[in-house]
Asks: 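Structure incoming, see below.
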Amino acid sequence: MGYETLIVDIDDHVGVITLNRPDALNALNQQLLKELAAALGVMQENEKVRCIVLAGSEKAFAAGADITEMSEQSFVDMFSSDYFTAETEAILRCRKPIIAAVSGYALGGGCELAMMCDFIICSDTAKFGQPEINLGVIAGIGGSQRLTRFVGKSKSMEMHLTGRFMDAEEAERSGLVSRIVPAKKLMEDAMATAAKIAEKSTLATMAVKEAVDRSYETTLREGILFERRLFHSLFATEDQSEGMSAFMEKRSAKFRGK
Ligand code: CO8
């Protein structure tokens with residue numbers, strides 16, 4: 001499939017999707033989100049791909065939903081099309097790990113998109129924010145919920161109410177990102193991290209994703225039970241047998257996703 005708003009590539013076992021609307025700082029419009037959902041669907045089906053990196057440009061991961069496109073919408077348009085819903089749900093359906101590599105602005109829908117990924121590695125130039133308040137609206141694809149879970153109520157509330165940006169240091173300190181790397185090394189680092197994940201059992205990486213995500217959806221007791229059942233079920237896989245044998249034989253495991 002040809003993409004107009006993305007650059008899509010596969011490097012060994014890592015799928016790389018780069019948002020590519022440079023004239024609008026990668027603002028998310030319907031076309032981009034549809035293409036992103038489609039690209040992730042293709043990567044989900046491609047057995048070669050074991051981990052995915054989602055990136056923007058050096059200046060902007062994404063500066064929000066496309067204000068020009070949204071400015072023409074009425075309530076009826078938004079409500080009847082259920083604007084962005086099918087696309088964001090398709091993004092969340094991807095079972096392979098997705099790393100957001102964030103450089104520059106990740107604002108509004110851009111911050112929300114980064115938070116939909118499984119974790120965020122950012123450059124020292126990254127700036128996160130939910131500035132929708134300045135447009136007379138609020139976050140609409142999960143920001144008020146996810147940012148609050150990641151950084152806590154006080155900081156999330158302040159960011160949504162004032163629209164201020166958070167720099168990379170603050171984002172790391174408050175748990176929004178896993179790591180900060182120098183801007184020039186961002187892609188190299190994200191790719192190396194993805195390659196490391198791609199060496200693991202895909203069955204185990206999918207199970208990790210399900211288990212950690214479940215911690216946001218349920219009680220501690222139910223989440224621990226869910227984790228235990230997933231743990232037990234991995235003993236039905238060849239990868240478990242290979243992983244443990246390789247440890248005892250002092251060699252590297254060769255996982256086959258079986
Ligand atoms: N939408 C459309 N175009 C944009 C956007 C955007 N979000 N952000 C930047 N652009 C465009 C600018 O209009 C400009 O275009 P042009 O050159 O044609 O004038 C180009 O990108 C470059 O931008 P700037 O000249 O403004 O660049 P600066 O370096 O001066 O400033 C900023 C960078 C600070 C990032 C600035 O562009 C900015 O404030 N952008 C808007 C940020 C924002 O408000 N984001 C939130 C948008 S609302 C949202 O995301 C809602 C999400 C929920 C959707 C839910 C649907 C159900």
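When a ligand or atom number is given, it counts from 1 through the structure's own listing order.
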Asks: For atom 25 (O) of ligand 1, is the nearest protein heavy atom closer than 4.0 Å?
Replies: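 Protein heavy atoms within 4.0 Å of atom 25 (O) of ligand 1 - there are none.
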Asks: Is atom 16 (P) of ligand 1 near the protein, in the sense that some protein heavy atom lies at less than 4.0 Å from it?
Replies: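 Protein heavy atoms within 4.0 Å of atom 16 (P) of ligand 1 - there are none.
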Asks: Do you know which two heavy atoms are closest between Pro131 and Gly108, and how far apart they sit?
Replies: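 Shortest heavy-atom contact: CD-N, 3.4 Å.
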Asks: Is a side-chain N or O of Asp77 found less than 3.5 angstrom from the main chain of Ser74, in a donor-acceptor match?
Replies: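 Here the side-chain-to-backbone pair exists.
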Asks: So among Ile141, Leu54, Asn26, which one has a side chain to side chain contact (heavy atoms under 4.5 Å, CB included) with Leu113?
Replies: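 The option that passes is Leu54.
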Asks: Can you find a protein heavy atom closer to atom 7 (N) of ligand 1 than 4.0 Å?
Replies: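 Yes, at least one protein heavy atom sits under 4.0 Å from atom 7 (N) of ligand 1.
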Asks: Could you identify the single nearest non-hydrogen protein atom to atom 1 (N) of ligand 1 and state the distance to 0.1 Å?
Replies: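 Result: Ile67 N, 2.9 Å.
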Asks: Do any non-hydrogen protein atoms sit less than 4.0 Å from atom 19 (O) of ligand 1?
Replies: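 Flag for atom 19 (O) of ligand 1 set to false, no protein heavy atom closer than 4.0 Å.
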Asks: Numbering the atoms of ligand 1 from 1, which are under 4.0 Å from a heavy atom of Met70?
Replies: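 Checking each atom against Met70, I get 48 (S).
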Asks: What atoms of ligand 1 come within less than 4.0 Å of a heavy atom belonging to Gly109?
Replies: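 Heavy-atom distances to Gly109 below 4.0 Å select 49 (C), 50 (O), 52 (C).
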Asks: Can you find an N or O of Ala63 that's nearer than 3.5 Å to an N or O of ligand 1?
Replies: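 Yes: some nitrogen or oxygen of Ala63 is under 3.5 Å from one in ligand 1.
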Asks: Determine the sole option in Arg21, Gln30, Gln31 for which the side-chain hydrogen bond (donor to acceptor under 3.5 Å, both in side chains) test with Asp66 is passed.
Replies: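 The option that passes is Arg21.
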Asks: Thr5 and Glu35: side-chain donor and acceptor closer than 3.5 Å?
Replies: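 Side chains of Thr5 and Glu35: pair found under 3.5 Å.
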Asks: At a non-hydrogen distance cut-off of under 4.0 Å, which region of Met78 contacts ligand 1 (side chain, backbone, both, or neither)?
Replies: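 No part of Met78 comes within reach of ligand 1.
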Asks: Might you work through the side-chain contact (heavy atoms from CB on, under 4.5 Å) test for Cys94 and Ile52, ending with a clear yes or no?
Replies: CA-CA 10 Å; Cys94 183; Ile52 297 162; 3.8 Å; yes
Asks: May I ask whether Asp23 places a heavy atom under 4.0 Å from ligand 1?
Replies: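 Judged by the 4.0 Å heavy-atom criterion, Asp23 does count as contacting ligand 1.
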Asks: Using a 4.0 Å cut-off to any heavy atom of Pro131, which atoms of ligand 1 qualify?
Replies: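 What qualifies from ligand 1 is 43 (C), 44 (O), 45 (N).
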Asks: Sub-3.5 Å donor-acceptor pair from the side chain of Ser156 to the main-chain atoms of Lys153, do we have one?
Replies: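 Between the backbone of Lys153 and the side chain of Ser156 there is no qualifying donor-acceptor contact (under 3.5 Å).
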Asks: Would you find a donor on one side and an acceptor on the other, under 3.5 Å apart, between the side chain of Lys96 and the backbone of Gln44?
Replies: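 Yes; at least one donor-acceptor contact below 3.5 Å.
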Asks: Strictly less than 4.0 Å: does any protein heavy-atom distance to atom 39 (O) of ligand 1 fall in that range?
Replies: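 No, no protein heavy atom sits under 4.0 Å from atom 39 (O) of ligand 1.
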Asks: Can you sort out which atoms of ligand 1 are near Glu112, meaning under 4.0 Å from one of its heavy atoms?
Replies: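 Ligand 1 atoms under the 4.0 Å threshold to Glu112: 52 (C), 53 (C).
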Asks: For the pair His13 (side chain) and Lys48 (backbone), establish whether a donor and an acceptor sit closer than 3.5 Å, ignoring hydrogens and angles.
Replies: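 Yes.
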Asks: For Leu107, counting its heavy atoms only, list the atoms of ligand 1 lying under 4.0 Å from any of them.
Replies: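 Within the 4.0 Å cut-off of Leu107, ligand 1 contributes 35 (C), 42 (C).
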Asks: Any heavy atom of Glu69 closer to ligand 1 than 4.0 angstrom?
Replies: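 No heavy atom of Glu69 comes that close to ligand 1.
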Asks: Report yes or no: does Ser103 contribute a side-chain atom to a donor-acceptor pair with the main-chain N or O of Glu58 at less than 3.5 Å?
Replies: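 Yes, Ser103 side chain to Glu58 backbone: donor-acceptor pair under 3.5 Å.
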Asks: Within the structure, is a non-hydrogen atom of Gln130 found at a distance of less than 4.0 Å from ligand 1?
Replies: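 The answer is no, since Gln130 has no heavy atom less than 4.0 Å from ligand 1.
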Asks: Restricting to non-hydrogen atoms, name the atom on Thr193 and the atom on Phe119 that form the minimum distance, rounded to 0.1 Å.
Replies: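 Residues Thr193 and Phe119, closest heavy atoms: CG2-CZ, 3.9 Å.
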Asks: Kindly determine whether Glu217 and Glu222 satisfy side-chain contact (heavy atoms from CB on, under 4.5 Å), including the steps that lead there.
Replies: CA-CA 10 Å; Glu217 308 288 345; Glu222 288 301 317; over 6 Å; no
Asks: Return the closest protein heavy atom for atom 57 (C) of ligand 1 as residue, atom name and distance.
Replies: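 Minimum-distance protein heavy atom for atom 57 (C) of ligand 1 reads Tyr83 O, 3.2 Å.
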Asks: Measure from atom 10 (N) of ligand 1 to the protein's non-hydrogen atoms and state whether any distance is below 4.0 Å.
Replies: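 Flag for atom 10 (N) of ligand 1 set to true, protein heavy atom closer than 4.0 Å.
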Asks: Could you tell me the residue and atom name of the protein heavy atom closest to atom 4 (C) of ligand 1, and the distance to it rounded to 0.1 Å?
Replies: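 The protein heavy atom lying closest is Ala24 O, 3.8 Å.
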Asks: Geometry only, no angles: is Gly108 polar-contacting ligand 1 at N/O separations under 3.5 Å?
Replies: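 The answer is no, given that Gly108 and ligand 1 share no N or O pair closer than 3.5 Å.
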Asks: Out of all atoms in ligand 1, which are within 4.0 Å of some heavy atom of Glu132? Include the element for each.
Replies: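 Here the atoms of ligand 1 in question are 48 (S), 49 (C), 50 (O), 51 (C), 52 (C).
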Asks: Considering both backbone and side-chain atoms of Ala65, is one of its nitrogen or oxygen atoms within less than 3.5 Å of a nitrogen or oxygen in ligand 1?
Replies: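 Yes - when backbone and side-chain N and O of Ala65 are compared with those of ligand 1, one distance drops under 3.5 Å.
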Asks: Are any non-hydrogen protein atoms located under 4.0 Å from atom 51 (C) of ligand 1?
Replies: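 It does; a protein heavy atom is within 4.0 Å.
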Asks: Please indicate, with yes or no, if any protein heavy atom is found under 4.0 Å from atom 31 (O) of ligand 1?
Replies: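 No.
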Asks: Do any N or O atoms from the side chain of Glu112 and from the backbone of Gly142 form a donor-acceptor pair under 3.5 angstrom?
Replies: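 It does hold such a pair.
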Asks: Looking only at heavy atoms, is any part of Ala27 under 4.0 Å from ligand 1, and if so is it the side chain, the backbone, or both, or is it neither?
Replies: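 It is the side chain that touches ligand 1; the backbone stays farther off.
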Asks: To which of Leu25, Asp82, Asn134 does the heavy atom nearest atom 37 (O) of ligand 1 belong?
Replies: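 Checking each option, the heavy atom nearest atom 37 (O) of ligand 1 is found in Leu25.
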Asks: Please could you name the atoms of ligand 1 that Leu135 approaches to less than 4.0 Å, counting only its heavy atoms?
Replies: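 Answer for ligand 1: 44 (O), 47 (C), 48 (S).
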Asks: For Tyr83 and Met70, run side-chain contact (heavy atoms from CB on, under 4.5 Å): C-alpha distance rounded to whole Å, both residues' side-chain angles, the deciding distance at 0.1 Å, then the answer.
Replies: CA-CA 9 Å; Tyr83 198 69; Met70 282 188 299; 3.6 Å; yes
Asks: Does ligand 1 have any atom sitting under 4.0 Å from a heavy atom of Lys59?
Replies: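 Within the 4.0 Å threshold, so yes.
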Asks: Between the side chains of Lys254 and Glu238, is the shortest nitrogen-to-carboxylate-oxygen separation below 4.0 Å, so that they form an ion pair?
Replies: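 Looking at Glu238 and Lys254, the cut-off is not met.
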Asks: Would Arg50 and Glu199 pass as an ion pair if we require N to O under 4.0 Å?
Replies: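 No, no charged N to carboxylate O under 4.0 Å.
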